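Report on one structure; see the data block that follows.
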2 protein chains.
Amino acid sequence: MERKGKASLEDIARATGVSKMTVSRVLRGGTGFSDDTKDRVTQAAARLGYIPNRLAAAFGADQASTLVGICVPRLTSGLFGQVLDGVERALSRLGYQAIIGTNAYEAAEEEAWVRQVSSWRPAGLILTGRVHTAGTVELLRSNALPVVEIWDLTTSPIDLSVGFSHRDCGAEMGQFLLRKGRRRAGYVGALAQADVMGRARMEGFAEALAAGGHPLVDREVLLDRPGFYQGYYGLETLLARSPKLDVVHFHNDEMAIGGLHFCQARGIRVPEDLGIAGWGGMEAASVLPKRLTTTVVPTTAIGKASAEALVARIRGEAPQEVTVLPTRLVPGETA
Amino acid sequence: MERKGKASLEDIARATGVSKMTVSRVLRGGTGFSDDTKDRVTQAAARLGYIPNRLAAAFGADQASTLVGICVPRLTSGLFGQVLDGVERALSRLGYQAIIGTNAYEAAEEEAWVRQVSSWRPAGLILTGRVHTAGTVELLRSNALPVVEIWDLTTSPIDLSVGFSHRDCGAEMGQFLLRKGRRRAGYVGALAQADVMGRARMEGFAEALAAGGHPLVDREVLLDRPGFYQGYYGLETLLARSPKLDVVHFHNDEMAIGGLHFCQARGIRVPEDLGIAGWGGMEAASVLPKRLTTTVVPTTAIGKASAEALVARIRGEAPQEVTVLPTRLVPGETA
DNA sequence: ACAGTCAGGTTTACCGGTAACGTAGTCCAA
DNA sequence: TTGGACTACGTTACCGGTAAACCTGACTGT
């Protein structure tokens, strides 16, 4: 039982008395060898602890890399974790490996990541959002790299797109709240400088309200990340400025839950005195004393669908260019 | 402005009139070339849109791969997302790329992943937990692959270890609850078949209670994953069987919050009628109407420290073999 | 005047796997 | 008996980057 830590096809070939090309054919399940040869090669490979070297295979002329890059804004958000989970499972099942990256909502960081990961000659990339630097787009185009843009839908993707419209999410919530009789709406946001998708939701929300004749009264968009505390203090700030609001829509569920606790602390009755609406569909939102009115996002499904579309493209099949995975507004007891 | 999508050192060499070895030296910031040559090469590289081919570099005899594999049980848990965030940031800063994987708490799945990812000749691996198959250990040992085992501390790691003791977490909570006067404790768990780390917490908890003279009265360990609903129904089941408990410790914070809502729904006063304690340190836990008594885990710090230790090992420095990052029991208002 | 040193290169070999192509032997039908 | 088809291989070249060895002319000190 010899072991070197790194047996190559050559080693197996020597041990078996055939050429390394034959070994390659046997181990990749090709044809053109006898059963006897197959057995001897297979046994030698097992005995030597052979581990195929994908680096060498991908390096060759064929460029058969099975690496896929996936870049999300941040990993501390539960939503992106779920997306990643969907991506990873699907890729793994299809025989691909995922290289991850984060861009902190910065297109420039995304470009740096794309440049880095491109040097591994990946088979394809999954990017979050539809805003990219010119450099990124140029890089992807000139390398003819299969790409899926996820999360925020675009009707003219670089290559493929899987997601939903953030603007529509905001608009739908605006219309819903108007139907519920709300007339003086506010908005509490976060990541003001960075998150264009959050901003799209806010704009869709404001537009729908304006179209309904009761425009957005006030908004408080923090520079900070969207967390519970930020929701708490964001609502406090907003209400200090505009005390007569009758409903507040939040950047996401974490912030909305923070807002709910502010109301509880101040004795503001929800939904009687003030309605609260979130976005995202955190599991926590559905087990609150009062179920949060929110929009549920098909995170895992987006991950899965994007990975499958990308692999289809890589394999030369013709996947659907734009896949819409609709969100679902779930009326709760808070608005 | 020519572009082919794949310029090589050779192309730059031709365009500049030097050898590709010289181009390699310039682009890697070596020495042995004039400023004039350097400028011409740099400009040609930019003009041709050169992207280095790490595949080729890693493939060569030097084996200078900058890939690092990281395997966690699941990505849908916020805690592991935070770990991954810490890992990814640190690796990226140090010039490494992360390939992710999940093992669903199964050592056999981990082995399959290690085998897959090994074929990319990674510079090192980060694994979650200290339970691995014999095949995994053999594979890592024979390849002399730098490895960090994170999350659950082991005093005799395969190579390096960064984390804390789950058993101690459970024990500490047991002692704390005894000091608070609790005498009839229960436990609600999840992932009974799979999560050895959750089991370690439960065992530590039970031991501490027994040592204090008031052993664990009853436990309900679900096969399901640890979620809000599972906490809700787990507590319902447990109390149906053992109605006289005065405190219940949960597998994690999600389940504990589920338990809190069960209490709210049934009019059970917390902490007067029943104490509730969680584990993990979800941000949500700290903004509940009553702050949850829980154990905060240094997730991001573990990710960061493990990545840094691994890179130190890869670079031939001598990192600390075992790094303990302590958890912190945070008394809330629920127990 | 000549060996020694050094900057600034070039040449060669190699990593492991695979595509493309070559070849020896066998079998069978015309 | 010959030629075509088929099986079961072997040979060669190549991918892109890098280590190591080698080369060359200019300058230097004695």
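Numbers restart at 1 for each chain; the letters A, B, ... are given by sequence-line order, proteins then strands. Only a predicted model underlies this, so the values are computations on that prediction, with no experimental measurement involved.
Comparing A:Gly32 and A:Met21, the nucleotide of DNA chain D nearest to each residue sits closer to the 5' end for A:Gly32.
The residue A:Ser8 sits close only to the backbone: its heavy atoms come under 4.0 Å of sugar-phosphate atoms, none of a base. Residue A:Phe59 is classed as a base contact, given a heavy-atom separation below 4.0 Å to a base. Using a 4.0 Å heavy-atom criterion, one finds that B:Ser34 contacts the sugar-phosphate atoms exclusively. Across all strands shown, A:Arg28 has heavy atoms under 4.0 Å from sugar-phosphate atoms exclusively, and none from any base.
Among the nucleotides C:dC21, C:dG16, D:dG16, the one closest to the side chain of A:Arg25 is C:dC21. Ranking C:dT10, C:dG9, D:dG10 by closeness to the B:Thr37 side chain, first place goes to C:dG9.
Remark: the A:Thr154 side chain and the A:Glu149 side chain contain no N/O donor-acceptor pair separated by less than 3.5 Å. Looking at B:Glu111 and B:Thr133, their side chains do bring a donor and an acceptor atom within 3.5 Å of each other.
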Would B:Arg141 and B:Ile158 count as a side chain to side chain contact (heavy atoms under 4.5 Å, CB included) here? Give the steps. CA-CA 8 Å; B:Arg141 282 257 160 74; B:Ile158 298 177; 4.2 Å; yes
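Rounded to a whole Å, the CD1 atom of B:Ile12 is 8 Å from the P atom of D:dG17. When the C1' atom of C:dT11 is taken as reference, atom NZ of B:Lys20 falls 11 Å away, rounded to whole Å. Here D:dA8 presents its P atom at 13 Å from CG of A:Asp39, a figure rounded to the nearest Å.
For D:dA8, neither phosphate oxygen OP1 nor OP2 lies less than 4.0 angstrom from any side-chain nitrogen or oxygen of A:Thr22.
Ring-plane geometry between A:Trp151 and A:Phe164 is classed as perpendicular, the angle between the planes exceeding 60 degrees on a 0 to 90 degree scale with a lower cut at 30.
Residue A:Arg121 places no side-chain atom within donor-acceptor reach of the base of D:dG16, judged by atom type and a 3.5 Å distance cut-off alone.
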